[in-house]
Amino acid sequence: MTKTINEGYFEGERSLFKGSNLELNDTIFGNGESPLKEAHDLNLENVTFKWKYPLWYAKHVKVENSIFETMSRSGIWYTDDIEINNSALQAPKLFRRGSDIRLNHVHFADAEETLWTCKDIKMNDVQVNGNYFGKDSENIYAENLNVIGNYVFDGAKNIEVHNSIFVSKDAFWNCENVTVYDSKISGEYLAWNTKNLTLVNCTITSDQGLCYIDGLKMINCRVLRTDLAFEYCSNIDAEITTDVMSIKNPISGTIKVKSVDKIIFDDPEIDSKKTTINVTEKVQ
């Protein structure tokens, strides 16, 4: 049986510890750590969390139109099956080692070290501000994800992204199996040390971007003001519709590019014959 709490106010540590089958409306959790630790089967609407660790080891949680204030930091750890909709998330380190996470129409005002080592994540219309978002997480699907913050998805695996924007230095480093569609990526050193990266209809601006990648596929991509690209990349299959400032020491594959200002092979260990660079429009 579901217990409903309207206009509630709770303080003190573990105020609803191991609560279950709860419906909370217009409720505020004030000072006091871990108010819903070990709780399960929760429906939260218009709830405000003001203090630390609100949802640890929780299961089957739905949150609507709610607020996680700045001091609700490290708020959702070891939690499984959680959906958050139309909510404002101000606190850093909100998600850690959780699974089955669904985020729709939410804003992370300070996403520093957020969504670490999580799995099975779906995001739609999510705004992110903060460094190291999504580190070491896996099985991620995102639409309309807009990130301003460096090192996004460092070490993550199995990522599919659509119609998104990343303003991020060192985005997608050390990743495996990443596919990005119809998106914009701006920031230095894009995707170093990553395996199996596919970019489709993307616009990229990156100083020394797309280096040290094994398995790089690019389809109908724009690469703007990008230099020293593809260094030590192998198994390249790239189709670029714009000029590239410079290409340096690719290991193997095919690069089809509108034009390239400079091609550099200055590493004697690299066999330039293993990479085909097809320039479709000669620079005048």
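- Glu138 places none of its side-chain heavy atoms less than 4.5 Å from the side chain of Glu176.
- Remark: of the listed residues Leu224, Val257, Thr226, Leu224 is the sole one forming a side chain to side chain contact (heavy atoms under 4.5 Å, CB included) with Thr242.
- Among Asp125, Asn86, Asn144, the one residue that satisfies the side chain to side chain donor-acceptor pair (under 3.5 Å) test with His105 is Asp125.
- Taken from CE in Met1 to CG in Asn21, the straight-line distance is 10.0 Å, to the nearest 0.5 Å.
- For the pair Ile165/Leu145, no side-chain contact is recorded, criterion being any heavy-atom separation below 4.5 Å from C-beta on.
- Panel note: side chain Thr114, backbone Lys93; a donor-acceptor pair is recorded below 3.5 Å.
- No continuous path of hydrophobic side-chain contacts links Ile247 to Leu228 [ILVMFWY only; heavy atoms under 4.5 Å].
- Here the OH atom belonging to Tyr53 is positioned 12.0 Å from the CZ atom belonging to Arg14, to the nearest 0.5 angstrom.
- Between the OG1 atom in Thr2 and the CG atom in Leu22 there is a gap of 8.5 Å [rounded to 0.5 Å].
- Formation of a donor-acceptor pair under 3.5 Å by the Ser206 side chain with backbone atoms of Gly187 is found in this model.
- Atom CD1 of Ile219 sits about 7.5 Å away from atom CG of Asp237, to the nearest 0.5 Å.
- No chain of hydrophobic side-chain contacts below 4.5 Å, direct or via other Ile, Leu, Val, Met, Phe, Trp or Tyr residues, connects Val61 to Tyr78.
- Ion pairing between a basic and an acidic side chain is recognised when a charged N comes within 4.0 Å of a carboxylate O; Glu83 and Arg102 show such pairing.
- Note: Trp173 and Trp192 have parallel aromatic rings, judged against thresholds of 30 and 60 degrees for the angle between ring planes.
- Taking every heavy atom of both residues into account, Tyr151 and Asn131 meet most closely at CD1-CB, 4.2 Å.
- Relative ring orientation between Phe166 and Phe172 is described as perpendicular, the plane-to-plane angle rising above 60° on a 0-90° scale split at 30° and 60°.
- Using a 4.5 Å heavy-atom threshold, the side chains of Ser72 and Thr70 count as separate.
- At distances below 3.5 Å, not a single donor-acceptor pair connects side-chain atoms of Trp51 with backbone N or O atoms of Ser34.
- Judged by distance alone, with hydrogens and angles left aside, the side-chain atoms of Thr79 form a donor-acceptor pair with the main-chain N or O of Leu55 at under 3.5 Å.
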Pair Asp227-Asp207, side-chain contact (heavy atoms from CB on, under 4.5 Å): steps then yes or no: CA-CA 6 Å; Asp227 66 344; Asp207 181 37; 2.4 Å; yes

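- No hydrogens or angles considered: nothing links the side chains of Asn6 and Asp26 as a donor-acceptor pair under 3.5 Å.
- Screening Thr179, Asn196, Asn139 for a side chain to side chain donor-acceptor pair (under 3.5 Å) involving Asn158 leaves a single residue, Asn139.
- Between Glu69 and Lys50 there is a salt bridge, since at least one side-chain N of the basic residue sits less than 4.0 Å from a carboxylate O of the acidic one.
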Practice task
Let me see the working for Asp80 and Tyr57 under side chain to side chain donor-acceptor pair (under 3.5 Å), right down to the final yes or no.
Solution key: CA-CA 8 Å; Asp80 300 322; Tyr57 301 100; over 6 Å; no

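- For the pair Phe133/Trp116, no side-chain contact is recorded, criterion being any heavy-atom separation below 4.5 Å from C-beta on.
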Checking Asn201 against Asn220 for the side chain to side chain donor-acceptor pair (under 3.5 Å) test, could you report, in this order, the C-alpha distance in whole Å, the side-chain angles of both residues, the deciding distance, and whether it holds?
CA-CA 5 Å; Asn201 301 326; Asn220 193 39; 2.9 Å; yes

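- No side-chain heavy atom of Val180 sits less than 4.5 Å from a side-chain heavy atom of Thr198.
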Note to self: Checking Asp261 against Ser246 for the side-chain contact (heavy atoms from CB on, under 4.5 Å) test, could you report, in this order, the C-alpha distance in whole Å, the side-chain angles of both residues, the deciding distance, and whether it holds?
What the structure shows: CA-CA 6 Å; Asp261 298 345; Ser246 57; 6.0 Å; no

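- Of all heavy-atom pairs spanning Asp214 and Asn235, the tightest one is OD1-ND2, 2.7 Å.
- Rounding to the nearest 0.5 Å gives a distance of 12.0 Å between CD of Glu231 and CD1 of Ile213.
- Ring geometry for Phe49 against Phe29 counts as parallel: the plane angle stays under 30°, on a 0 to 90° scale with 60° as the upper cut.
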Next item on the list: Begin with the C-alpha distance, continue with both residues' side-chain angles, and end with the deciding distance and a verdict on side-chain contact (heavy atoms from CB on, under 4.5 Å) for Asp266 and Lys248.
Entry: CA-CA 8 Å; Asp266 60 3; Lys248 183 176 182 179; 3.7 Å; yes

* Residue pair Ile263, Ile277: steps toward the side-chain contact (heavy atoms from CB on, under 4.5 Å) verdict -> CA-CA 9 Å; Ile263 297 172; Ile277 301 175; 3.9 Å; yes

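- Both Ile101 and Phe108 sit in one connected hydrophobic cluster of ILVMFWY residues. Membership requires side-chain heavy atoms under 4.5 Å apart, directly or through other members.
- Taking the charged nitrogens against the carboxylate oxygens, Lys258 and Asp243 have no contact shorter than 4.0 Å, which rules out a salt bridge.
- Taking a cutoff of 4.0 Å between a charged side-chain nitrogen and a carboxylate oxygen, Lys59 and Asp81 do not qualify as a salt bridge.
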| Step by step, would you call Asn150 with Ser168 a side chain to side chain donor-acceptor pair (under 3.5 Å)? | CA-CA 4 Å; Asn150 296 324; Ser168 176; 4.6 Å; no

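- Using a 4.5 Å heavy-atom threshold, the side chains of Lys119 and Ile121 count as separate.
- In this structure the side chain of Ile185 reaches within 4.5 angstrom of the side chain of Leu199, judged on heavy atoms.
- Criterion: ILVMFWY side-chain heavy atoms under 4.5 Å apart, direct or through other members. Under it, Phe153 and Tyr189 are part of a common hydrophobic cluster.
- Summarising the geometry of Ser66 relative to Leu44, their closest heavy-atom pair is OG-O, 4.0 Å, with the distance given to 0.1 Å.
- Here the closest non-hydrogen pair linking Thr194 and Asn174 is OG1-N, 3.3 Å.
- Two residues are said to be in side-chain contact when any heavy atoms from C-beta on lie closer than 4.5 Å; Asn163 and Tyr181 fail this criterion.
- Here the CG-CD distance, from Asn129 to Gln90, works out to 12.0 Å after rounding to the nearest 0.5 Å.
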Would Tyr141 and Glu143 count as a side chain to side chain donor-acceptor pair (under 3.5 Å) here? Give the steps.
CA-CA 7 Å; Tyr141 181 90; Glu143 291 192 42; 2.7 Å; yes

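- Looking at every heavy atom in both residues, Ser15 comes nearest to Pro35 through OG-CB, 3.4 Å.
- One side chain, Glu64 or Asn85, offers a donor N or O that lies under 3.5 Å from an acceptor on the other.
- Of all heavy-atom pairs between Ile84 and Phe95, the closest is CD1-CZ, 3.8 Å.
- Cluster membership check: Ile76 does not share its hydrophobic cluster with Tyr132, using side-chain heavy-atom separations under 4.5 Å among Ile, Leu, Val, Met, Phe, Trp and Tyr.
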